[in-house]
Amino acid sequence: MEAGFEARLGRERERMVDEQLARRGITDARVLEAMRRIPRHRFVEEGLAHGAYEDHPLPIGEGQTISQPYIVALMTSLLELTGQEKVLEVGTGSGYQTAVLGALARRVCSIERLPRLAERARATLESLGVGNVWIRVGNGALGWPDEAPFDRILVAAGGPAVPPPLVDQLAEGGRMVLPVGTAEDQILTVIERAGGEIRSRQAGDCKFVKLVGKYAWES
Ligand code: SAH
């Protein structure tokens with residue numbers, strides 16, 4: 001990629017953080033700093049790089065999308081990461097959200113259903129020197145039992161209900177953020193496990209691609 005183009009994308013990234021995130025109420029300084037630094041354009045095809053900092057999702061192949069920057073920032077903020085956490089991510093997609101989580105947590109285990117996307121995300125993260133994320137192919141609604149429990153869980157695809165295995169794999173004091181609803185629109189849901197109790201609250205409307213498989217949509 002030509003140097004002038006890279007520099008322009010850098011300026012667009014700054015503007016994305018100021019106008020789409022900070023101005024809309026994202027206040028977690030660590031989230032803003034990570035998204036100022038991570039080159040989102042590297043997670044889309046080169047032909048789409050010019051649009052990587054715009055205020056919407058973009059196609060990443062296989063009918064899937066890289067989430068809108070604001071949604072990545074909002075979900076990450078809701079996790080309230082300090083840097084110590086072991087995080088499970090469901091729906092690696094391009095790996096962009098994975099990179100943001102990797103910058104803010106101790107370790108990230110990410111599961112993607114589609115092998116081609118998992119492979120590409122792995123390669124992108126490796127090329128950027130991200131060393132604390134592990135990507136696996138499978139149904140993320142089943143969680144990752146060998147690595148459980150998780151301090152935080154982020155699900156980047158929408159299902160009809162909260163998958164029970166994910167609640168089981170949430171650590172005491174842990175928190176999960178996921179979209180729950182119909183195939184067309186969902187409610188961003190925050191689940192917390194505290195003192196042996198499970199609490200749930202709603203954090204606004206959202207629209208994600210489908211979470212597919214057992215404990216989710218059939219197709
Ligand atoms: N956060 C990602 C967006 C991912 S889109 C990014 O920023 O790029 C949602 C992803 O979830 C898609 O790649 C889709 O293939 C994947 N997915 C859908 N159902 C899944 C499941 N049951 N387990 C794991 N991944 C799933």
Side-chain angles (χ1 to χ4, degrees), residues 13 16 20-21 31 34-35 38-45 48-49 51-79 87-105 108-125 128 130 133-145 147 150 152-166 169 176-181 183 185-186 188 206-219:
R13 186 159 63 245
M16 168 194 87
Q20 299 172 36
L21 312 184
V31 173
M35 291 182 68
I38 297 169
R40 178 173 163 94
H41 64 274
R42 294 280 297 275
F43 294 83
V44 298
E45 270 176 46
L48 295 178
Y53 298 102
E54 289 170 10
D55 194 15
H56 49 72
L58 283 174
I60 54 172
E62 316 251 334
Q64 309 302 322
T65 56
I66 178 173
S67 307
Q68 176 195 16
Y70 176 72
I71 283 289
V72 172
L74 177 63
M75 290 182 89
T76 310
S77 300
L78 287 168
L79 289 182
V87 181
L88 173 68
E89 180 191 40
V90 175
T92 317
S94 68
Y96 175 66
Q97 170 81 74
T98 322
V100 173
L101 293 172
L104 299 173
V108 182
C109 298
S110 185
I111 309 178
E112 168 57 51
R113 187 174 77 94
L114 302 171
R116 295 235 304 259
L117 292 182
E119 204 39 63
R120 202 185 318 141
R122 241 183 234 132
T124 308
L125 291 164
L128 293 171
V130 177
V133 314
W134 280 262
I135 297 175
R136 217 189 71 173
V137 175
N139 176 7
L142 303 175
W144 192 325
E147 291 286 347
F150 297 97
R152 301 288 188 269
I153 299 178
L154 184 153
V155 184
V162 182
L166 297 183
Q169 292 177 32
M176 162 158 59
V177 177
L178 78 171
V180 179
D185 41 16
Q186 305 95 31
L188 208 50
C206 55
K207 183 168 175 51
F208 278 84
V209 298
K210 278 186 183 173
L211 183 69
V212 176
K214 189 173 180 200
Y215 300 119
W217 300 107
E218 271 176 27
S219 61

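Throughout, numbering of the chain's residues begins at 1 and tracks the sequence. Quantities reported herein were computed from a predicted structural model and do not represent experimental measurements. No hydrogens, no waters, no symmetry mates; every other heavy atom, side chains included, goes into these values. Whatever order the structure lists them in is the order used to number ligands and atoms, beginning at 1.
W134 CH2 to C109 SG: the interatomic distance, rounded to the nearest 0.5 Å, is 7.5 Å. Within the model, atoms CG of L21 and CE of M35 stand 5.0 Å from one another, a figure rounded to the nearest 0.5 Å.
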Could you list, one pair per line, each nitrogen or oxygen of ligand 1 together with any protein nitrogen or oxygen closer than 3.5 Å, giving atom names and the distance rounded to 0.1 Å?
from: ligand 1; atom 1: 8 (O); to: S94; atom 2: N; distance (Å): 2.9
from: ligand 1; atom 1: 8 (O); to: S94; atom 2: OG; distance (Å): 2.6
from: ligand 1; atom 1: 13 (O); to: E112; atom 2: OE1; distance (Å): 2.8
from: ligand 1; atom 1: 13 (O); to: E112; atom 2: OE2; distance (Å): 3.3
from: ligand 1; atom 1: 15 (O); to: E112; atom 2: OE2; distance (Å): 2.6
from: ligand 1; atom 1: 19 (N); to: V212; atom 2: N; distance (Å): 2.9
from: ligand 1; atom 1: 22 (N); to: N139; atom 2: OD1; distance (Å): 2.8
from: ligand 1; atom 1: 22 (N); to: V212; atom 2: O; distance (Å): 2.7
from: ligand 1; atom 1: 23 (N); to: G140; atom 2: N; distance (Å): 2.8
from: ligand 1; atom 1: 25 (N); to: R113; atom 2: N; distance (Å): 3.2

For a quick test of your reading: what N or O donor-acceptor pairs under 3.5 Å do the side chains of residues 206-219 make, sequence neighbours left out?
from: K207; atom 1: NZ; to: E184; atom 2: O; distance (Å): 2.8
from: K210; atom 1: NZ; to: S219; atom 2: O; distance (Å): 3.0
from: W217; atom 1: NE1; to: G158; atom 2: O; distance (Å): 3.1

Show me, pair by pair, the donor-acceptor contacts under 3.5 angstrom made by side chains of residues 52-65, not counting sequence neighbours?
from: Y53; atom 1: OH; to: R13; atom 2: NH1; distance (Å): 2.8
from: Y53; atom 1: OH; to: R40; atom 2: N; distance (Å): 3.0
from: Y53; atom 1: OH; to: H41; atom 2: N; distance (Å): 3.1
from: Y53; atom 1: OH; to: H41; atom 2: ND1; distance (Å): 2.8
from: E54; atom 1: OE1; to: H56; atom 2: NE2; distance (Å): 2.9
from: D55; atom 1: OD1; to: R24; atom 2: NH1; distance (Å): 3.3
from: D55; atom 1: OD1; to: Q68; atom 2: NE2; distance (Å): 2.9
from: D55; atom 1: OD2; to: R24; atom 2: NH2; distance (Å): 2.4
from: E62; atom 1: OE2; to: R116; atom 2: NE; distance (Å): 3.3
from: E62; atom 1: OE2; to: R116; atom 2: NH2; distance (Å): 3.2
from: Q64; atom 1: NE2; to: E62; atom 2: O; distance (Å): 3.2

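Checked by atom type, the side-chain pair S67/Q97 shows no donor-acceptor distance below 3.5 Å.
Applying the side chain to side chain contact (heavy atoms under 4.5 Å, CB included) rule to T92 yields the partners E89, T98, S110, E112, A121, I135; only residues at least two apart in sequence or on another chain are considered.
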